[in-house]
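Input: a single structure, listed below in structure tokens.
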Amino acid sequence: MSHSPLRLLLEFDARSQRDRDQPPAFLHRRDRKFALTCEQQGRTPGVALWLEHMAYLNGPGTAPGEARRTLQLWRRINLGFAALGALLGVLTMLSLLFFEGGQRINLSLIIAFVGLHLLLALATSVQALIGWQPWRWLVRRLTPRAERGVTRRLRPLLMARAAHLGASAFALTGLVTLLLLVVVQDLAFGWSTTLTTGASTYHQLLLALATPWAWLWPAAVPDLALVEATRFFRTGTGRGDLAPELWGQWWPFVTMLWTTWVLVPRLLLTLLTQWLLRYQAGRLLASHPGWHALLYRMETPTLDTGSEHNDADDLPDTATQAAVAPLPDTDLLLCWAGAGEPELPGGLTGTGQRIFRAGGRASLADDRAVLTEVAEQLAQTPQPAVLVITRSWEPPTGELLDFLAEACQRWPESVTIALVPLSLDGQSELEPHQLRQWLRFAERLNSDRVRVSALPLAWRDPYAASGVGP
């Protein structure tokens, strides 16, 4: 199996999605046994080893289809961009070097095109770093099935890599076309501009462009005499006494100009994007909720009592009159006591959100500062609402009770405070008994402003198992 971070991330994410349909007890026994086997064999359990173990258990040819389809899709996109770039590189160079006997190939046009190409390369890199996706419409056309989870978060870098690959092919075929035309044709270069620019000024510009290769190939750096001799004007064909071979002495400069400012930047940006993609994939894999749940299952011993009766649901009567309320529409999130770490689930992430953290290791002064800051944000909102993210498996504490009581005093009276308990991995549905304890907690607050909400499709009816209605 390839240990590429991107492949490992996609396959692990797909396996984690499939495990959501399995009973927790089964997953715990399976992964704990895997960890013990690795310990006996003196190996450190990791993502790659775990995926190989899953492939062994499920049989050959059972690699996650979602991951395989995603990788194949982006491989086809990369090849498509490369093929299109190669074709455009040939056509573009033929257009730039097209001339008839009485004309000259204008170096100013080639330099301007090189500058435009650099700007496009910079824009492609910036949009990938800031997450801007001007290619989204194209991806939607190329991906009939909507991308989810980690693939969606990597899409800007994936598109940037495809664009840089296409541009690299464009630059490479353009360079090959240039060299072929130099061999088979007698190209006549010159320079011309409508501006009242002297030859010395133009020569300084060329020297600046030739700085990177001046030490390597001095013959590819034009001198002032060549610049002065090869200027032409709109109604003329050049100086009549100029030796014809001078028109062709520009080709080393054009070759190095294209190589240095078009081909090399694109190759470097392709390598940089590939590194960023591997780094981002590794980071997402290390913070994947499924990985943390897997570590917990591997490190925690299982307890098999031999009894077929599972008394996990035999809980005290926790029936309440409260019910789960719809999730309010707000951009203010308050993560309580480390909830939502290392990352929030997809249903709570988005652009423009303000995330605050309080409780747990935060001091009382920090909590009060958060209350003040949130109050300032709520004062600017027509329909104030705050999502308080908690851990469903942890019981509500008195510290949270005091915090909410103070929040009700300091925040607007019209504010809606929605307690949103998360499951262990942040993705699966909540256990009914865990949800009921938060409903009882909200009911005890006796405040119309505090209620319990859940992520869409992430909870079950807390009274379905007991048959007790709210």
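Remember, predicted model here, so these are calculated numbers, not experimental data.
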Problem set entry | For Arg354, all residues meeting salt bridge (Lys or Arg N to Asp or Glu O under 4.0 Å), sequence neighbours excluded |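 Arg354: salt bridge (Lys or Arg N to Asp or Glu O under 4.0 Å) contacts with Glu373.
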Tell me every residue that passes side-chain contact (heavy atoms from CB on, under 4.5 Å) with [X], counting only those two or more places apart in sequence or in another chain.
X      : result
Asn106 : Ser108, Leu109, Trp191, Ser192, Phe232
Leu401 : Phe441, Leu445
Ser363 : Ala365, Asp366
Thr177 : Val90, Met93, Leu94, Leu181

Mind checking ring-ring contact (aromatic ring centres under 6.0 Å, His included) for [X] and listing every partner two or more places apart, or none if nothing turns up?
X      : result
Tyr296 : none
Trp213 : Phe253
Phe356 : none

For this session: Just do the side-chain contact (heavy atoms from CB on, under 4.5 Å) check on Met298 and Leu295 with the steps written out, would you?
Result: CA-CA 5 Å; Met298 289 193 299; Leu295 287 177; 3.8 Å; yes
Does any non-hydrogen side-chain atom of [Y] lie less than 4.5 Å from one of [X]?
X      : Y      : result
Val388 : Val420 : no
Asp31  : Phe26  : no
Arg7   : Phe12  : no
Val386 : Leu333 : no
Leu158 : Leu6   : yes

Acceptor/donor pairs from residues 112-126 side chains to any protein atom, 3.5 angstrom cut, sequence neighbours excluded:
residue : atom : partner : partner atom : Å
His117  : NE2  : Arg266  : NE           : 3.0
Thr124  : OG1  : Leu120  : O            : 2.8
Ser125  : OG   : Ala121  : O            : 3.1
Ser125  : OG   : His164  : NE2          : 3.3

Exercise. What's the verdict on side-chain contact (heavy atoms from CB on, under 4.5 Å) for Leu387 and Leu332, showing C-alpha distance, side-chain angles and the deciding distance?
Worked result: CA-CA 6 Å; Leu387 302 184; Leu332 300 180; over 6 Å; no
Roughly how far, to the nearest 0.5 Å, is the [atom2] atom of [Y] from the [atom1] atom of [X]?
X      : Y      : atom1 : atom2 : answer
Ile77  : Met159 : CD1   : CE    : 6.5 Å
Thr390 : Leu334 : OG1   : CG    : 11.0 Å
Leu79  : Leu165 : CG    : CG    : 9.0 Å

Problem set entry | Chi angles and distances behind the side-chain hydrogen bond (donor to acceptor under 3.5 Å, both in side chains) call for Arg449, Thr416 | CA-CA 5 Å; Arg449 288 179 281 179; Thr416 299; over 6 Å; no
Exercise. Got a sec, which pairs hit side-chain hydrogen bond (donor to acceptor under 3.5 Å, both in side chains) with one end in residues 394-403, sequence neighbours left out?
Worked result: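 Output for this query lists Arg391-Glu394.
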Exercise. So Thr44 and Cys38, side-chain contact (heavy atoms from CB on, under 4.5 Å) or not? Walk me through it.
Worked result: CA-CA 6 Å; Thr44 302; Cys38 290; over 6 Å; no
Exercise. In chain order, what residues pass the side chain to side chain donor-acceptor pair (under 3.5 Å) check against Gln274, with sequence neighbours excluded?
Worked result: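 For Gln274, the residues satisfying side chain to side chain donor-acceptor pair (under 3.5 Å) (neighbours in sequence not counted) are Arg161.
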Problem set entry | For Thr260, all residues meeting side chain to side chain donor-acceptor pair (under 3.5 Å), sequence neighbours excluded |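 So Thr260 forms no side chain to side chain donor-acceptor pair (under 3.5 Å) with any residue.
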